[in-house]
Amino acid sequence: MTPNPFHTTGIIILLLWGLAIIGYIPAISRYTRFMLSVIPLLIGWSLLTLNLIDQWQTLGHPPMRTVNQTMMWASFFLPLIMLGIQLFRKTRIHAIPSIVVAAGLLMRPLLKVEVADRMLMPALQSPWFAPHVLIYMLSYGAIAAAALLALTYLIFSLFRKLQADSDIIDVTRILMRIAYPLLTIGMLMGAYWAKLCWGHYWGWDSKETAAFISWTSLLIYTHLDYRTKLSPRWNLGLALLAGMMILFTWVLINYLPSAQGSEHVYAMQ
Amino acid sequence: MVTTDQPVAPPAPGAPQKREIWQMPWGWPEAVLIQGGVLYVTFLLQYLLNRKTPGLIVPFPLNWILPGAIVLIAITLGMVGRRHAFMRWLSGVPFAVTSIVIYTLLGLVGILIVQYSSDQIALALKLYHSAHPEMISELMRQKLPLDGLLDFGLHKLFSSIPFLVATLMIMLNLSAVVGRRLLTTRPGNFGFMLNHVGLLLVMVGMIAGSAQRISGNVYLLPNQSDMHAYKLNDDNKVVATYPLGGTVHLDNFMVDFYPPNLTMIDITGMMTGHGHQAPIIDSEWAEKGRVFEADGLTCRILEYYPSAQPPTNDGADWQPAPVIGTPAPAVKVEVTKPEGMRTTLWVTTSKPELTYQQTPQGGYERVWISRIVPAQLDATHFLALVYREMPQPKAFHASLTLTEPGKTPVTRMLEVNKPARIGDWWLYQSGYDIDRSGELFTIIEASKDPALPVVYTGLICMVLGALVAFWFTPRRSIAAVTPAAETPEEPTQPVEPAAASDVVEEDNAL
């Protein structure tokens, strides 16, 4: 059986992030919380960063070609987004769902071995490759965190009424508002790159169409959140729906018959 | 409890009255009913027309007139009738979100159902309606179900009437809101306009371009020229020829392949009858200087030639040779055995050949054949150069001389992601292939799209709008402003602060 090069590092990261989750339990004192949460989170994040850098050097090209690699990048960005919101908004309500999502994204690289391929097809040898994927993973990470936050508190709302101005809605909104412009820029960047490479900016390819409807799901959220009196349940529900669309675009579409002829087939492993 | 015998109490003074459907101002129910009804009608139209046409193409000049007229009329009405209840509804969130939802659902259908090209559907329809529908091949019947879904255009959804009309409805909403906000001068309007005008331009460009965009391929062997691009159908027959307005001459075409893997194989299992496949112990890229160890054997690659010719004398080295078609590589390997003994040997592989094999359906398909030439190390260990499937290209580029009438010929290096231009045409290094004599020829895609500047302008506006949205995000939305507050909380960096003339969808709560 092919050994998994990420196995040891991944387990250590998961253990550290598990410790970080404990550190965010509200009952713990401030100093203990910092030592138990932020420090292990950053150490785990550093290990992940080093692994990504190592992959980049070994492969000789950006490690962004396969689903595993893209999930690792989304997991890379999520702690940064989480800590940023914690620092500027002085809230930790999103912390545990964000860490859970970041750790969850590492499960596939841990469990499913992908042979690192040093070959990179000519179409991907472009300066647009890395920015396009990185911007997408940044937005996917934010949406995934918003979706899990939404799911958690939708379940919580079965037992307790949610207020429209609560921190939960606020942080969900921030995450979605971070994600929307990034997703827009990533999509448009991809269109321009497609024109340079394939001769046409948009072909309604199944992956492109899926990316488009992910974008429209965020468009729906943005319009309704800003321009209507969206109730908390609707707000969180739409965020959750956007998260499900992202999951569909990122992973599930690869298994559909319509995707087999897709020009984005290089991402399917 | 109120019963029918008792008089109904009049509503309390100041209490809001419940709006009846179709009573102005319109809202969500009207948006859903109208747009849903339009969609229903378009699917019926598609059903009626579908047997006659494989896909809808808006012909020139209607491809510019139709979206242009909608945009101009809607913008004008938005400006002139900005306070009218109907324009407020047309440019409002209920209409916008409903049209986005419809677009999203159509896109989802387009993903779940396999989409086909116009050529495949045209051929299937032609045979289906011919005197001999039984001539439709079994393969086509399996690929393309000819009943049911095809009747409503779901196999060609993105060129169908419902999709076009859904696009026009979004454009109507965008144009109306752009018209309503065009004369607004507050700072937050800038980002709003960038986003909405940008998307509008992209949609106009896509509709206009879909009718006038032309693309074809140019196929050239080295030292060949051509003045045309060709469109082929799925049977590789030329269905259209497009003059390029100049000559494309291929000076040279080069393909740089990734090296194969130098693979150590243990045939112990085969010798003892256990299994039929020799397991691979280890494998390493065949690059000079690489080392790998397995089963006590250390292999160091001393030399790698992407293409090599055999030595003329026994014991002499292989020599590098130019790649003609596919490469026939060779590596020189120094093997150190556990007892310390060293030996040097050359490992090669046969030149991959393209051949044609008959399929079960009676047709022919092209397959690559590459024969491994293993080099023996000891009784059970062999080294071999192995391609995963076939030689994988690392890069390929065509050196072209482009000549336009009345202009000096120019030389361009055409690579993937680096297009070149001749007249109105863009040339893209699309791929390559091998002809029956084993020679490589380049495939250049040539395309022309007069609507491209409009689309690019829209893309730039949308990117700038996204950046503005990123920086100027309001802190709170309307839902977070409590009714008890005397003044709404002002956002620190407002994009769209509420104004009296602005639509605040207070009666459109969800």
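Within every chain, numbering begins at 1; the chains are lettered A, B, ... in the order of the sequence lines, protein sequences first and strands thereafter. In what follows, every heavy atom counts, from backbone to side chain, and hydrogens, waters and symmetry copies are set aside. In this text, all values refer to a predicted model and were calculated from it rather than measured experimentally.
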[atom1]-[atom2] distance between [X] and [Y], expressed to the nearest 0.5 angstrom:
X         : Y         : atom1 : atom2 : value
Ser206(A) : Leu112(B) : OG    : CG    : 10.5 Å
Ser126(A) : Glu415(B) : OG    : CD    : 11.5 Å
Ile111(B) : Thr249(A) : CD1   : OG1   : 6.5 Å
Gln115(B) : Asp205(A) : CD    : CG    : 11.0 Å
Leu188(A) : Leu199(B) : CG    : CG    : 9.5 Å
Lys418(B) : Cys197(A) : NZ    : SG    : 12.0 Å

Fit a plane to each ring of Tyr103(B) and Trp204(A), take the angle between them on a 0 to 90° scale, and name the class: parallel (under 30°), tilted (30 to 60°) or perpendicular (over 60°).
-> perpendicular
Determine whether more than 12 heavy atoms belonging to other residues, nucleotides or ligands lie under 6.0 Å from atom CE of Met206(B).
-> yes
Heavy atoms from other residues, nucleotides or ligands near CZ of Arg92(A) exceed 12 (cutoff 6.0 Å) | no
Is chain A contacted by the side chain of [X], its backbone, both, or neither, given a heavy-atom distance below 4.5 Å?
X         : result
Thr104(B) : both
Ile460(B) : neither
Val455(B) : side chain
Asp256(B) : neither
Leu108(B) : both

Do [X] and [Y] make a side-chain contact, defined as non-hydrogen atoms from C-beta onward lying under 4.5 Å apart?
X         : Y         : value
Ser447(B) : Lys195(A) : yes
Leu467(B) : Pro181(A) : no
Tyr201(A) : Leu452(B) : yes
Met119(A) : Phe257(B) : no

With chain B, which of Leu182(A), Leu183(A), Ile185(A), Thr222(A) has the greatest number of heavy-atom pairs at distances under 4.5 Å?
-> Ile185(A)
Checked His200(A), Met189(A), His223(A) vs chain B; the most non-hydrogen pairs under 4.5 Å come from His200(A)
Answer with yes or no after comparing the ring centroid distance for Tyr456(B) and Tyr192(A) against a 6.0 Å cut-off, counting only values under it.
-> yes
Give the C-alpha distance, both sets of side-chain angles, the deciding distance and a yes or no for side chain to side chain donor-acceptor pair (under 3.5 Å) between Trp128(A) and Asn417(B).
-> CA-CA 10 Å; Trp128(A) 294 98; Asn417(B) 291 310; over 6 Å; no
Interchain contact, Ile178(A) with chain B, by part (heavy-atom threshold 4.5 Å) | both
Could you look at Ile174(A) and say if it's the side chain, the backbone, both or neither that has a heavy atom under 4.5 Å from chain B?
-> neither
Minimum-distance pair of heavy atoms, taken over all atoms of [X] and [Y]:
X         : Y         : value
Val93(B)  : Arg227(A) : CG2-CB, 3.3 Å
Gln125(A) : Lys394(B) : NE2-O, 2.8 Å
Pro122(A) : Phe396(B) : CG-CE2, 3.6 Å

Only one of Leu219(A), Leu224(A), Thr216(A), Thr228(A) clears side chain to side chain contact (heavy atoms under 4.5 Å, CB included) with Val97(B); which?
-> Leu224(A)
